[in-house]
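Report on the structure given below.
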Amino acid sequence: MSQIDLPIRYPYLLAESQAGSWSAAWSQRAIAAVTRLQTCSRPDPLQADTMILVAGALAFAGDVIGDTGAQWPAHQQRERERWLHDRPILAFGKEARRQRALRSWRVRGRGPSIPAAGSAPD
């Protein structure tokens with residue numbers, strides 16, 4: 001098993017992408033998203049910089065997840081329906097994560113505009 005196989009071995013969408021021969025570009029972005037999220041687990045979770053790192057990694061992962069629509073081939077429609085049914089679970093805690101990111105940016109002396117909880121996937 002290569003180093004890159006280990007962190008991405010289990011994510012559902014990546015497994016479906018390999019089973020369905022999804023685009024290599026999407027798979028590369030999914031691998032990058034999983035790797036970024038794994039990187040977030042290393043620093044101190046109470047530090048403002050970590051919260052900002054997590055917010056960015058989740059935003060990137062949300063973009064990758066949002067791009068799954070065109071990837072599902074006809075033979076994966078059952079899996080696609082299951083995914084669409086379960087996807088709303090990802091929204092749990094979204095507003096709390098957004099508020100933590102805003103506080104972290106304020107600690108760093110900045111106050112960027114971060115979209116409201118319902119406006120973008122994460």
Side-chain angles (χ1 to χ4, degrees):
M1 181 176 303
S2 73
Q3 267 188 321
I4 201 159
D5 289 337
L6 192 56
I8 61 164
R9 195 166 152 191
Y10 299 108
Y12 176 76
L13 284 177
L14 192 56
E16 290 300 334
S17 77
Q18 292 171 348
S21 299
W22 295 12
S23 76
W26 186 92
S27 295
Q28 287 172 209
R29 292 179 65 227
I31 290 166
V34 170
T35 301
R36 287 177 182 189
L37 291 168
Q38 184 184 39
T39 300
C40 293
S41 69
R42 295 185 185 119
D44 180 351
L46 301 177
Q47 294 297 313
D49 289 347
T50 304
M51 299 285 184
I52 293 167
L53 176 66
V54 168
L58 287 171
F60 179 77
D63 290 345
V64 173
I65 288 169
D67 291 341
T68 61
Q71 300 295 324
W72 297 96
H75 72 273
Q76 284 186 304
Q77 288 311 300
R78 188 176 69 187
E79 292 85 355
R80 178 183 180 275
E81 288 171 13
R82 178 177 150 202
W83 167 250
L84 291 174
H85 177 267
D86 292 347
R87 185 174 175 193
I89 294 169
L90 296 176
F92 292 141
K94 190 173 192 174
E95 180 59 20
R97 290 189 300 273
R98 187 177 89 76
Q99 291 299 323
R100 281 194 296 272
L102 286 170
R103 278 191 305 276
S104 297
W105 278 110
R106 282 189 216 108
V107 165
R108 303 280 298 149
R110 295 177 58 188
S113 173
I114 297 178
S119 64
D122 75 347

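Annotation: the span from S104 atom OG to Q99 atom CD amounts to 11.0 Å, rounded to 0.5 Å. Taken from CZ in R106 to CZ in R103, the straight-line distance is 8.0 Å, to the nearest 0.5 Å. Atom CZ in R87 sits 15.5 Å away from atom CZ in R82 (nearest 0.5 Å). Going from atom CD of Q76 over to atom CD of Q71 covers 10.0 Å, rounded to the nearest 0.5 Å.
With sequence neighbours excluded, no residue forms a side chain to side chain contact (heavy atoms under 4.5 Å, CB included) with E81. When the salt bridge (Lys or Arg N to Asp or Glu O under 4.0 Å) test is applied to R100, no partner is found at least two apart in sequence or on another chain. Residues satisfying the side-chain hydrogen bond (donor to acceptor under 3.5 Å, both in side chains) test with E79, not counting sequence neighbours, are none. Qualifying side-chain hydrogen bond (donor to acceptor under 3.5 Å, both in side chains) partners for Q28, counting only residues two or more places apart in sequence or in other chains: none. R78 meets the side chain to side chain contact (heavy atoms under 4.5 Å, CB included) test with no other residue; sequence neighbours excluded. Applying the side-chain hydrogen bond (donor to acceptor under 3.5 Å, both in side chains) rule to R80 yields no partners; only residues at least two apart in sequence or on another chain are considered. With sequence neighbours excluded, the residues satisfying ring-ring contact (aromatic ring centres under 6.0 Å, His included) with W22 are W26, W72.
Chaining together hydrophobic side chains whose heavy atoms lie under 4.5 Å apart places F92 alongside I89.
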Distance-only check: which donor-acceptor pairs under 3.5 Å involve side-chain atoms of residues 44-60, not counting sequence neighbours?
from: D44; atom 1: OD1; to: L46; atom 2: N; distance (Å): 2.9
from: D44; atom 1: OD2; to: Q47; atom 2: NE2; distance (Å): 3.4
from: D49; atom 1: OD1; to: R108; atom 2: NE; distance (Å): 3.0
from: T50; atom 1: OG1; to: D44; atom 2: O; distance (Å): 2.7

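Pairs passing the salt bridge (Lys or Arg N to Asp or Glu O under 4.0 Å) check and including a residue from residues 51-61, sequence neighbours excluded, do not occur. Legend: ring pair (Phe, Tyr, Trp, His ring centres under 6.0 Å) pairs involving residues 32-58, not counting sequence neighbours: none detected. Note on residues 67-77: pairs passing salt bridge (Lys or Arg N to Asp or Glu O under 4.0 Å), not counting sequence neighbours, are R29-D67.
Counting non-hydrogen atoms of other residues, nucleotides and ligands closer than 6.0 Å to NE2 of H85 gives a total of 12 or fewer.
Clustering ILVMFWY residues whenever any of their side-chain heavy atoms sit less than 4.5 angstrom apart, transitively, puts L14 in the very cluster that holds Y12.
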